[in-house]
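Throughout, a chain's letter reflects where its sequence line sits, starting with A, and its residues are numbered from 1. Note that these values count all heavy atoms, side chains included, but never hydrogens, waters or copies made by symmetry. Remember, it's a predicted structure, so these values are computed and weren't measured experimentally.
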Amino acid sequence: MKWKANLIRIALVLLLIVFGVYLYKIGKERDIFFDNKEIALDGQTYSVTSSYFVYVDGKKVGELYQDGRQATMLINGKHKIVLESLTEDGESTGQKVEYSFSMGKGGCILNVPAMLGGVKNFILPPEPVE
Amino acid sequence: MNERIRNFVESAGLPRIIIGLFVLLLFAMTPFVGIRLDTSISDVIGRFGMNAVLVLSLVPMVKSGCGLNFGLQLGVIAGLLGAVCSIEMNVSGFGGFVTAIGIAVFFATLFGYLYGLLLNRVKGEEMVVATYVGFSVVSFMCIMWLVLPFKSENMIWAYGGSGLRTTISTEGYWFKILDNLATIHLGPNITIPTGTILFFALLCVIVWAFFKSKTGTAMTAVGSNPEFAKSSGVSVDKMRIISVIMSTIIAAIGIIVYEQSYGFLQLYNGPQYMAFPAVAALLLGGASVNKVTMKHVIIGVLLFQGIVTMTPSVINNIVQSDMAETLRIIISNGMIVYALTRREKVTA
Amino acid sequence: MSKIINDTSIKTMHPAVKFLINFAVPILFLIFVVLCIPLSGFTNTYLTNEIIARLARDSFLILSLLIPVMAGMGMNFGIVLGAMAGQIGIIFVSDWHIIGLPGLILAMLISTPLAILLGYFCGVMLNMARGREMVTGFMLGFFMNGVYQMVVLYGMGKLIPISDPTILLPRGFGIRNAINLSGIQHSLDALIPLKIGQISIPIATFLLIAVFCLFIVWFRKTKLGQDMRTVGQDLEVARSSGINVDKTRIISIVISTVLACYGQIIFLQNIGTVNTYNSHEQVGLFAVAAILIGGASVARATIPNVFVGAILFHMVFIVSPRAGKELIGQAQLGEYFRVFVSYAIIALSLALYAWRKHVEKENLRKQTQILNRQALSSHGKAVGGNES
């Protein structure tokens, strides 16, 4: 029966399309920003203490100065961020702190003081565009 | 009346008509996009003169059944060798031009003979083999241009280098030698390079007369009906070789005509893709893989140069971008594909 | 003027001589390469590494040439169309910032329909140009290059939405000349890495190539494969056995184009950069040159041809610039020499093939003439009448 073969073909094509959408979701990188800015959450203020070198998943992203911002692109899922604190002159003090975080829907600004201060959700939603 | 129109369309081929109308449209649009009509016409006629002889060179090989000469580069190289030798010998003016042609003809005959021998061995696949033979020879000559012992200061690399430069100017030697022969100036912006056109016309007449001669008719017979030709005692192979030599010689002359008008010799990879626009122009004029007349050459070059000159200027002014090169690739290669895919009607 | 090299005279040739003639091209190049290696001064480790990397990169593309040869279409210069489809897939995936293996597979997924379309178009064109397939394929490649430029240089950004402005040209539309694929680079290669001493081998890529080879071997045994071989050997016989010749030929080109599309994607993930307007142009040339160096002909190409050819071709590629420099003292010469060699191989192989075909046809004609004459004379004797 010819239309049975066609039905199977259509089902396969649909399967491929679904697979494609799945690949899109798991492979897509999104912007993430690291803010080293003072922030007030739930009544508590977390202030900036130092500048850092930022490493994400082993790769160096750049320098994060006080009141500064760094950016990179990551796919959804778990990532590791390592902050290497710097002195006034930009030299490394050798102190490194490591955190894990998850890229998920919604959040894309990681606030460093909040993260260091132990806040649970240190990834904030994007700022409204002015 | 409708019958006549339909016959005309069928015999002229739809693509030709479309492109012809397109070119007319472009010309009509010139005043609206800020280009002078007379400069455009002058440009097209000038380029016609430059390119016509190269396209003419394709005729003998089509007539003898060798197909479209994708190995045009061989003739071009012969011509370049002639030009380069002529400049090396420091002959300028008309003398230089004639010397260039003389040496070129010598090389062209040699190359044409070898090329003809090769093509005779590969009957049926001439076009593909010709393409790659052409490419190989140009690449080989790239090595040669570097290595051959030329000394003329106008040609070698500056700062005591050796080997020829990529582009060599013909200025001071025979730049525009034909163009400026009896030029007609129609108004301030239209220059008709009469010399070049007359030269082309002369060559056209020679080729046309040749094909009316006994050898010429034999050659045409070889192309349209090899069995018949053989049974009439004509040596098919010999005719094919003669046609290849003719084509190569005319191509060699053609590139020299091109250079005198353009002002530069282009070595190294310059000649690499020269076969394709020539073939496209011929096909645009209505020729096919095994049928061609003088009319096709003239109409073809006019239409092709019309498109190639007018499209950039007009389209650039409308769309504010630079689509000219891309359009040219699409049109010229599209024409060749169209011609290759046409099922030939067998004529007796 | 032509000598008859008929069957009997070939059979009485020493088998070694026959082997030499059939494999003239690869043997010539083996000798050339062996001469050039010491001249170039490269170490064996370096060479091995380079060859393995290039094999992994290019084999898929060369393999895609096999099926059209089976169907009698000659060297499919139209694989350029498949390469363009693959590139467009990669452009989109780069634009959407999909990285790693998912990005690679997605690129393959979305470029497949385009490759099928282009392959179908190419197949139809080639069918219309029966007897001139190779030239037509060649010119079709140039033509589609123009169309590709039209789409990618003018359409993208304007008519086709591109969300990431960094891959566009400064003027706002049209894709940049070079796109960095750092996200996808080596995603297939590095999947299963293996390092023996100094030599790294991308196992996953080779696995994929092996799967492809198995596919070709299996395909030859299927009904469709058998049909194609019949079409390739003799059109009339195929048609009289009820095979739809036109459709079979088109299918062979479609398969080849789709595989070339994947091959180009694998190539790009290895190199890591897309030269938007150049990457695909040389694909046809290099793949055809490689397979011909490996001993294939227009009528017959096998899997060993592909790999032998790939190795030899890349050797020539790597070794000749340096050898040229040592020999003649100009590095530029090595580059020209390499290009010359690629073109000359194809010209030589095509010429040899055409010459052989021509000679065979001549032989057939002469044999039929002789047979006819014999038949006529015996008939004439029997009847006692005139023979004309």
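Proximity to chain C is limited to the side chain of B:T131, based on heavy atoms less than 4.5 angstrom apart. Proximity to chain C is absent for every atom of B:L119, based on heavy atoms less than 4.5 angstrom apart. Looking at C:F77, the atoms closer than 4.5 Å to chain B (heavy atoms on both sides) all sit in the side chain, from C-beta outward.
Taking the six-membered ring wherever Trp is involved, the centroid distance between the rings of B:Y132 and C:F138 falls below 6.0 Å.
For the pair C:M125 and B:T341, the tightest heavy-atom approach, listed with the atom from each and the gap, is O-CG2, 3.4 Å. Scanning all heavy atoms of the two residues, the minimum distance from B:L118 to C:A351 falls at CD1-CB, 4.2 Å.
The most heavy-atom pairs under 4.5 Å with chain C, out of B:N269, B:V138, B:T326, B:V133, come from B:T326. For the options B:I329, B:V122, B:I330, heavy-atom pairs under 4.5 Å to chain C are most numerous at B:I330. Counting heavy-atom pairs under 4.5 Å between each of B:E126, B:M141, B:K123 and chain C puts B:K123 at the top. The candidate from C:V339, C:N145, C:L126 with the greatest count of non-hydrogen atom pairs under 4.5 Å with chain B is C:V339.
In B:Y113, the OH atom is not crowded: 12 or fewer heavy atoms of neighbouring residues, nucleotides or ligands sit closer than 6.0 Å. Counting non-hydrogen atoms of neighbouring residues, nucleotides and ligands closer than 6.0 angstrom, the CZ atom of C:F286 exceeds 12 such neighbours.
None of C:E133, C:M134, C:M75 except one satisfies the side chain to side chain contact (heavy atoms under 4.5 Å, CB included) rule with B:V128; the exception is C:M134.
In this structure the side chain of C:Y336 reaches within 4.5 angstrom of the side chain of B:Y268, judged on heavy atoms. Using a 4.5 Å heavy-atom threshold, the side chains of B:L327 and C:M150 count as touching.
Of the inter-residue distances, the one linking C:M128 atom CE with B:Y338 atom OH reads 9.0 Å to the nearest 0.5 angstrom. We find the CZ-CG distance between C:F142 and B:N333 to be 6.5 Å, quoted to the nearest 0.5 Å.
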